[in-house]
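Remember, it's 1-based here, ligands and their atoms both numbered in the order they're listed. The basis for the numbers below is simple: all heavy atoms, side chains too, and nothing from hydrogens, waters or symmetry mates. Counting begins at 1 with the first residue of the sequence.
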Amino acid sequence: MGRVTQRKRIDSWLSDMDGVLVHEGRPVPGADEFIKRLSESGRKFRVLTNNSIYTQRDLSVRLAGAGLDVPAESIWTSALATAQFLDDQRAGGSAYVIGEAGLTTALHEVGYILTDLDPDYVVLGETRTYSFTQITRAIRLIEGGARFIATNPDPIGPSTEGSLPACGAVAALITKATGVEPYFVGKPNPRMMRSALNEIEAHSETTAMIGDRMDTDIVSGMEAGLFTILVLTGVTQRHEIDRFPYRPSLVVDSVADLIDLI
Ligand SMILES: O=C(CO)COP(=O)(O)O
Ligand SMILES: [Mg+2]
């Protein structure tokens, strides 16, 4: 598919990260030019990722390593959204966390105590090394009354080698064992879109959301009233689009096709 022409005025941009800009640290071809054009244009943008592994600064450095210049403050993660949610709900609470520094740092920063002794919550995030011992602990704490929160419902993440099991798949394992469903804070939870729109003072009618997953990025963008753009460099394949009861505003092969829309 060639480059698409502008059909609608887009003043602000929200973009997913994994499967749109990078695959596990490797850039998607054209993503560097897309980000460069976006920065030079002065248009407001945020990268919205369900990946809860890294902190904003970690991600900014990782993206820079892939040739993408995205400032830390332009990145919003499901880990930060989860910490904000818990701080709103129960300030100064406690949690047993399965996850990486992106999540533990965010929770510490809002004043949470991380413990496996009678925590208010079990918080499941993303990691590449899920531990059976930790999952067992989480199951027993939930059985004992801890509330179950998960950063993101994605069952898999994209990588150049193939699918990676993600938070949603591990949450399903814990749900099967306990009968308890988690509350997911990441996309498609509208909290992710709303906080980004508020922060950049953008209007939904003139904002686009780019994503590679119909069931997280596109549905939440659609529900928030944004112009939604599905790219085919990540999880959702072209033949799967029609299976969903909602459609993206636009489908393109990759972000490289969007450079001329900025
Ligand atoms: O990491 C993810 C699932 O494993 C999803 O990240 P994105 O929201 O950036 O695609
Ligand atoms: Mg993605």
Side-chain angles (χ1 to χ4, degrees), residues 13-28 30-31 34-35 45-56 58-60 62-63 66 68 70 72 74-82 98-103 106 123-130 150-173 182 184-193 195-196 208-222 224 226 228-238 240-241 244 248 251-255 258:
W13 292 81
L14 303 179
S15 177
D16 174 48
M17 185 181 75
D18 291 330
V20 174
L21 302 176
V22 287
H23 285 127
E24 286 284 295
R26 292 195 215 153
V28 167
F34 176 78
I35 292 292
F45 80 98
R46 280 285 182 281
V47 171
L48 285 190
T49 179
N50 267 0
N51 186 325
S52 63
I53 297 180
Y54 305 103
T55 66
Q56 284 167 302
D58 295 338
L59 283 176
S60 178
R62 286 176 70 87
L63 289 169
L68 310 178
V70 182
S74 298
I75 302 171
W76 186 248
T77 72
S78 64
L80 293 166
T82 298
I98 298 180
E100 298 286 342
L103 184 56
V123 182
L124 176 68
E126 193 104 348
T127 155
R128 298 287 177 248
T129 55
Y130 282 108
T151 56
N152 60 300
D154 308 55
I156 53 165
S159 86
T160 38
E161 288 80 38
S163 298
L164 293 162
C167 181
V170 180
L173 187 164
F184 290 109
V185 184
K187 297 170 288 187
N189 191 322
R191 288 180 68 96
M192 285 288 280
M193 298 286 141
S195 53
M209 170 70 200
I210 310 165
D212 71 302
R213 280 195 81 109
M214 288 293 283
D215 58 351
T216 55
D217 308 313
I218 300 304
V219 72
S220 57
M222 182 273 292
L226 312 185
T228 54
I229 304 172
L230 181 76
V231 295
L232 300 171
T233 46
V235 171
T236 300
Q237 310 286 308
R238 188 182 288 280
E240 294 167 328
I241 304 170
F244 291 86
V251 180
V252 294
D253 288 336
S254 81
V255 276
L258 300 175

Colleague: Kindly give the atom name of the N, O or S atom of Asp212 closest to the Mg ion (ligand 2).
Modeller: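 Going by distance to the Mg ion (ligand 2), the closest N, O or S atom in Asp212 is OD1.
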
Colleague: Quick check on contacts: which atoms of ligand 1 are under 4.0 angstrom from a heavy atom of Asp154?
Modeller: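 Selected atoms, number and element: 3 (C), 5 (C).
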
Colleague: Does Thr49 use its side chain to pair, donor to acceptor, with the backbone of Thr77 at less than 3.5 Å?
Modeller: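 No, because the side chain of Thr49 does not come within donor-acceptor range (under 3.5 Å) of the backbone of Thr77.
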
Colleague: Which ligand 1 atoms does Glu126 reach within 4.0 Å, using its non-hydrogen atoms?
Modeller: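 Answer, ordered by atom number: 1 (O), 3 (C), 4 (O).
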
Colleague: Where do Glu100 and Thr127 land on the side-chain hydrogen bond (donor to acceptor under 3.5 Å, both in side chains) test, with the steps shown first?
Modeller: CA-CA 6 Å; Glu100 298 286 342; Thr127 155; 2.8 Å; yes

Colleague: Can a donor-acceptor pair be found, under 3.5 Å and without considering hydrogens, that links the side chain of Glu126 to the backbone of Ser52?
Modeller: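 Looks like no, no N/O pair under 3.5 Å.
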
Colleague: Of the backbone atoms (N, CA, C, O) and the side-chain heavy atoms from C-beta on, which set of Arg213 has a member under 4.0 Å from an atom of ligand 1: side chain, backbone, both, or neither?
Modeller: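 Under 4.0 Å from ligand 1, Arg213 contributes no heavy atoms.
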
Colleague: Checking Lys187 side chain against Arg213 main chain: does a donor-acceptor pair fall under 3.5 Å?
Modeller: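 Looks like no, no N/O pair under 3.5 Å.
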
Colleague: When you measure from the side chain of Gln56 to the backbone of Ile75, do you find a donor-acceptor pair of N or O atoms at a distance under 3.5 Å?
Modeller: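 Answer holds: yes.
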
Colleague: Vertex the Mg ion (ligand 2): angle to O of Asp18 and OD2 of Asp16, to 10°?
Modeller: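 Answer comes to 90°, rounded to 10°.
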
Colleague: For Asn50, does its backbone N or O pair with a side-chain atom of Ser78 as donor and acceptor, under 3.5 Å?
Modeller: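 Such a contact is found between Ser78 side chain and Asn50 backbone.
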
Colleague: Near Ala166, which atoms of ligand 1 are under 4.0 Å from a heavy atom of that residue?
Modeller: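 So the answer, numbered in order with elements, is 4 (O).
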
Colleague: Between Lys187 and ligand 1, is there a nitrogen or oxygen pair with a distance under 3.5 Å?
Modeller: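 Yes; the residue has a nitrogen or oxygen that sits under 3.5 Å from a nitrogen or oxygen of the ligand.
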
Colleague: Could you find the nearest protein heavy atom to atom 2 (C) of ligand 1 and give me its residue, atom name and distance?
Modeller: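 For this ligand atom, the closest protein heavy atom is Asp18 OD2, 3.7 Å.
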
Colleague: Checking the side chain of Asp217 only, and the main-chain atoms of Asp212 only, is there a donor and an acceptor separated by less than 3.5 Å?
Modeller: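 It does hold such a pair.
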
Colleague: How far is atom 9 (O) of ligand 1 from the closest protein heavy atom, and which atom is that?
Modeller: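 The closest one turns out to be Thr49 OG1, 2.6 Å.
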
Colleague: Between Thr233 and Gly19, is there a donor-acceptor pair closer than 3.5 Å when you use the side chain of the first and the backbone of the second?
Modeller: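 Side chain of Thr233 to backbone of Gly19, a donor-acceptor pair under 3.5 Å: yes, one is there.
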
Colleague: In terms of atom number and element, which parts of ligand 1 are under 4.0 angstrom from non-hydrogen atoms of Asp16?
Modeller: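 Once the distances to Asp16 are compared, the set is 7 (P), 8 (O), 9 (O), 10 (O).
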
Colleague: For Met17, take its heavy atoms, then give the atoms of ligand 1 lying under 4.0 Å from any of them.
Modeller: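 That gives atoms 9 (O) of ligand 1.
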
